[in-house]
S.K.: 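Have a look at this one.
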Amino acid sequence: MDEYDEMFGIEDEFEAQFADELEVMAEMEPKAKRQKQDTVVKKLFGTTQTDGITPPSSPERPTASSLDISGFDPIPETPIRLTAVPTQGSSNVLKRPPLEGDYITVTDTVGTRVYLRQREEAGEKVEESRIVPDAFGALGLLAVPIRKLREHEAEKQILEESQRLTDLLAENSEEMCSRLWVDRFSPRHYTELLSDDFTNRCLLKWLKSWDTVVFGRERKARPVHSQQTSKQISFKPNQPNQNANRFKSKVEMTEELLEAELDQYKRPKFKVALLSGPPGLGKTTLAHVIANHAGYNVVEINADDRSAEVFQKRIDTATQMKSVLGANERPNCLVIDEIDGAPAAAINILLATINRKDGQKEGETAKKKKKKESILLRPIICICNDYVPALRPLRQQAFLLTFPQTQPSRLVQRLAEIAVHQGMKADTGTLMSLCEKTDNDIRSCINTLQFLFGRGHKQLDSRMIQSISVGQKDQNKGLFHLWQETFQLPRVKKRIGEGFEETPGLGGGTQRFQHILHLASSSGEYDKAAQGLYENYLSMRVRDPNLHNVCEALEWLSFSDRLNQVILHGQNFSLMRYLPFLSVTFHFLFAHSHVPRLSYPHSQHEKNALSTMLSDIPASIRTRISQLNLTLDILSLLLEVICPKLRPVNPQLFSSREKEQLKELIDTMLAYNLSYRQDRTPEGQYTYVLERVEDVVKFPGLPPRRQLTYQAKQTVSREMEQEKMRRAEQLLQRRNPEKNVVEAMGTAVGNSDVWFRFNEGMSNAVRRNVYIRELL
Amino acid sequence: MSLWVDKYRPNSLAKLDYHREQAAQLKNLVQCGDFPHLLVYGPSGSGKKTRIMCLLRELYGAGVEKLRIEHQSIVAPSKKKIEINTIASNYHLEVNPSDAGNQDRVVIQELIKTVAQSQQIQSNTQRDFKVVLLTEVDRLTKDAQHALRRTMEKYMSTCRLILCCNSTSKVIGPIRSRCLAVRVPLPSTEEVCSVLAAVCKKEGLLLPPELAKQISEKSGRNLRKAILMCEACRVQQYPFSADQDVPETDWEVYLRETANAIVSQQSPQR
């Protein structure tokens with residue numbers, strides 16, 4: 001253990017990095033002690049049952065034990081030494097009086113009291129010394145010899161103890177039946193967490209940065225090294241730190257975010273942490289465990305209460321109140337689970353709560369209207385699976401943490417422990433394949449294990465894992481993944497050491513069928529999927545001179561179109577189940593071992609472009625054109641029309657005819673809602689691009705349309721801006737013509753008796769000194 | 001309003017360039033006072049919309065040209081909100097119901113109902129009906145067309161429908177029989193040439209008759225396209241020459257190239 005001590009002394013950096021964790025460790029120290037004591041007691045009882053499962057080895061573990069000795073936290077040092085050291089050697093030095101046997105109390109200089117168990121020999125000695133009186137027992141001091149009494153007593157104790165143990169076991173087995181393993185074996189301490197260490201640490205750091213405002217204690221002074229870095233960071237705002245940030249890794253960025261200064265209320269910069277990641281990585285568990293360790297009382301809002309009012313109420317209750325009754329006097333930490341399902345209104349409420357400080361500031365200075373609303377003083381952790389559009393405003397204000405995949409090795413280790421604990425036999429390879437099957441989803445893994453256990457399988461092997469259909473998630477993988485899988489033959493997976501496995505690749509037609517079907521039906525977006533297939537299937541490599549495949553694909557497309565029509569017209573959703581088969585057909589028609597180059601379907605985009613163009617065209621023109629004849633007749637000719645030959649000279653120098661032409665051009669472009677947009681090409685050159693519509697009438701293989709020169713486009717663009725301004729002004733004037741006249745001509749200004757008159761051609765238009773305040 | 005197509009569009013029945021007899025008949029129709037539902041059909045670019053707008057002007061006067069775009073949102077029975085843009089004046093309402101996709105039935109029913117339920121206050125100075133102009137009727141679903149039958153009869157007193165489509169083949173019989181069908185055929189090549197010449201004269205340009213003929217042939221007698229092509233020619237090259245090439249729409253060129261590629265001889269080089 002001294003090694004740790006040394007290591008600790010040297011590595012300041014390490015301490016800096018883990019400082020917050022160490023604090024937590026220090027806080028949870030009593031717990032740890034109790035645990036140790038428990039084990040001591042158990043050793044004495046000689047039972048084999050263990051309470052928890054030892055966590056997997058992680059970097060924190062040595063830290064935790066080294067802490068005991070490092071003297072980081074001076075107060076608990078002495079007792080720990082006393083307890084820790086003897087625990088290793090013998091189990092006779094205890095912090096509490098032992099349950100059985102004799103002991104001697106010892107108080108040290110600090111005032112800590114420990115209890116020394118009397119050793120066997122000592123006991124024997126005592127007994128021997130008692131035997132001596134026993135020899136005198138014939139004197140008749142007791143009716144029954146003391147020895148017998150003692151034996152009797154010991155027997156009784158043993159009976160009681162065994163009774164207690166059987167009770168305990170029975171309880172346990174009952175528990176075993178009723179509770180899910182996921183809950184039973186969920187981590188209770190920071191060190192038991194399976195998720196990525198960096199993520200854990202970041203969240204913990206963030207939560208600790210609330211300490212100042214919640215618990216009122218200052219942040220611990222950092223070692224010199226970290227102070228330096230924080231100084232550097234505090235310099236940064238003066239410099240253009242955009243550039244500096246660009247070259248930092250993501251990890252550094254996150255670290256820096258956490259180191260940022262507290263705001264005026266001593267809160268951290270981000271009031272909300274947003275955890276995101278696919279299901280089953282332990283996000284909720286992490287939030288709960290960390291909040292508990294940092295000393296908070298967790299209040300969870302979940303899927304059931306998402307209406308805006310309830311949401312508001314819950315947030316206010318959680319963040320502003322505190323339980324008075326009961327022993328639970330810890331401050332609240334709000335955990336909002338599955339926030340991606342919440343309506344936008346609820347998220348807006350959350351945002352309003354976060355940003356309330358401004359409102360309150362105004363309230364203080366101006367009217368004290370918002371006096372009731374206090375600022376947010378409690379941390380909020382939000383958890384989501386995906387970033388839905390409704391979360392966009394929240395993302396900007398939240399401390400984002402994306403969960404990486406759990407490391408399979410750690411997961412397997414934990415699974416193995418659980419299996420051993422439950423008496424199942426499973427080797428590492430089996431568990432590995434289980435992890436692979438569930439995509440490292442902890443919850444799914446453990447549930448599958450329990451399922452198998454419940455079915456009576458005590459012995460697990462890889463074949464069984466492969467054959468069962470449980471543990472496969474109904475997961476949304478995204479459209480590109482679906483398209484990719486559809487157009488690509490699966491690679492033959494080669495696994496070392498598993499010869500029996502039939503390859504899921506080329507041979508297994510059924511398997512491919514099932515796979516694509518599963519993917520397509522779980523993606524759910526049949527329309528978009530079909531659109532993507534339609535736009536991409538012709539660019540696939542097909543060896544098919546007679547185009548039979550293409551014909552069949554078109555048949556299928558029209559079939560799925562007809563299906564869609566019937567579904568939507570007649571609300572006949574039972575037909576929906578036939579839609580995913582389109583992807584399967586396409587897979588068998590077009591799948592190729594090459595990696596396909598896919599593009600996102602853009603016909604929808606074109607349609608949107610057209611409708612935005614149409615929406616701003618004035619009504620008098622709009623009534624003549626519909627979307628169809630706009631595309632067919634007008635647009636491509638219109639693009640020709642708006643490219644007249646303009647001389648590359650200053651527009652001031654144009655002849656009157658040219659000027660007229662330019663004016664007409666600008667009129668046309670304004671009327672049809674076209675405009676140029678300045679773009680920068682990757683080579684760094686500026687170009688003007690016609691907004692939106694140019695792609696609609698562009699076809700591959702045709703000679704490019706004649707374009708205006710850059711200069712001409714610039715001229716046109718500038719003139720157009722001017723014309724727009726001119727028109728807006730005219731419109732404004734037309735709307736309130738009288739007002740302008742009144743202000744311009746000679747009438748009283750304001751309610752003063754000053755008259756404003758402008759005498760044309762005279763310099764003495766106004767002869768009096770007038771101040772603005774007189775006018776008002 | 002600066003494309004020639006828009007600039008030189010006739011705005012009254014008297015100013016129409018071709019199909020004059022039909023124009024006279026339409027004028028009579030307005031004057032006799034018993035205005036029926038109309039079904040105007042004909043190929044694209046033949047002047048259906050122009051005739052309808054002229055007719056409306058004949059009915060209500062110049063006030064019908066004060067157009068505004070209205071965004072209407074209609075709640076379907078399934079609580080789904082449908083957003084649709086309509087173009088309206090004080091006297092008429094123009095909708096393209098196929099914008100609403102599958103929900104077009106709800107849209108036309110609701111819109112016609114709202115228009116028909118508002119009575120004109122001064123019926124002595126104005127017509128006592130409003131007009132609902134439905135475009136692209138051939139793209140209406142069968143549901144919507146059947147729904148239209150009843151609506152047409154029920155609100156006959158306060159509302160007339162003008163349906164506009166390219167072909168009557170997709171309009172169900174009951175609707176065809178409820179309307180007076182007006183066919184607007186394409187202008188002949190000579191008519192297109194004369195229109196082009198008139199437009200160029202107003203612009204102060206000199207258009208050689210050969211070029212006019214070429215344009216009208218290339219445009220497939222679609223007048224809208226013809227005028228646009230003419231303007232594009234003007235942008236490309238002025239003064240006009242008789243044999244200058246006329247710009248075409250890209251999709252036509254593309255289709256032609258593809259078709260050529262299909263029928264041309266296959267050789268290893270390709």
S.K.: Going by residue number, which parts of residues 657-664 of chain A are within reach of chain B, meaning a heavy-atom gap below 4.5 Å?
M.R.: R657(A), Q661(A), E664(A)

S.K.: Quick one: are W4(B) and V641(A) in side-chain contact, heavy atoms under 4.5 Å?
M.R.: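 When only atoms from C-beta onward are counted, V641(A) and W4(B) do not touch, as no gap falls below 4.5 Å.
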
S.K.: Side chain, backbone, both or neither: which part of E252(B) has a non-hydrogen atom closer than 4.5 Å to chain A?
M.R.: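 No part of it gets close to chain A.
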
S.K.: Can you tell which part of T141(B) gets under 4.5 Å to a heavy atom of chain A, answering side chain, backbone, both or neither?
M.R.: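 Contact with chain A is through the side chain of T141(B) alone.
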
S.K.: Kindly check if the number of other-residue, nucleotide or ligand heavy atoms within 6.0 Å of OH (Y534(A)) is above 12?
M.R.: no

S.K.: From L632(A) CG over to N222(B) CG, what is the distance, rounded to the nearest 0.5 angstrom?
M.R.: 9.5 Å

S.K.: Does E640(A) reach the side chain of V235(B), with side-chain heavy atoms less than 4.5 Å apart?
M.R.: no

S.K.: Sort out for me which of R234(B), E248(B), Q103(B) touches chain A most, counting heavy-atom pairs under 4.5 Å.
M.R.: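 Max contact count across the listed options: R234(B).
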
S.K.: Going from CG on L637(A) to SG on C230(B), what distance comes out if it is rounded to the nearest 0.5 angstrom?
M.R.: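 If I round to the nearest 0.5 Å, the distance is 11.0 Å.
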
S.K.: Roughly how far, to the nearest 0.5 Å, is the CD atom of E231(B) from the OG1 atom of T668(A)?
M.R.: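 Answer for the OG1-CD pair, T668(A) versus E231(B), is 6.5 Å.
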
S.K.: Considering residues at least two apart in sequence or located in another chain, which fulfil the salt bridge (Lys or Arg N to Asp or Glu O under 4.0 Å) criterion with E555(A)?
M.R.: none

S.K.: Restricting to pairs with a member in residues 76-97 of chain B, which pass salt bridge (charged side-chain N to carboxylate O under 4.0 Å, His left out), not counting sequence neighbours?
M.R.: K49(B)-E94(B)

S.K.: Side chain, backbone, both or neither: which part of S44(B) has a non-hydrogen atom closer than 4.5 Å to chain A?
M.R.: side chain

S.K.: At a heavy-atom separation under 4.5 Å, does R224(B) approach chain A through its side chain, its backbone, both, or neither?
M.R.: side chain

S.K.: Apply salt bridge (Lys or Arg N to Asp or Glu O under 4.0 Å) to E535(A) and list each qualifying residue two or more places apart in sequence or on a separate chain.
M.R.: none

S.K.: Is atom CZ of R726(A) surrounded by more than 12 heavy atoms (other residues, nucleotides or ligands) closer than 6.0 Å?
M.R.: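 Above 12, so yes.
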
S.K.: Could you please spell out the steps behind the side chain to side chain contact (heavy atoms under 4.5 Å, CB included) verdict for I634(A) and L228(B)?
M.R.: CA-CA 7 Å; I634(A) 300 177; L228(B) 274 165; 3.9 Å; yes

S.K.: Going from CG on L635(A) to CH2 on W251(B), what distance comes out if it is rounded to the nearest 0.5 angstrom?
M.R.: 13.0 Å

S.K.: I'd like to know whether NZ of K218(B) has more than 12 heavy-atom contacts from other residues, nucleotides or ligands below 6.0 angstrom.
M.R.: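 Yes, NZ of K218(B) has more than 12 neighbouring heavy atoms, counting only those of other groups under 6.0 Å.
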
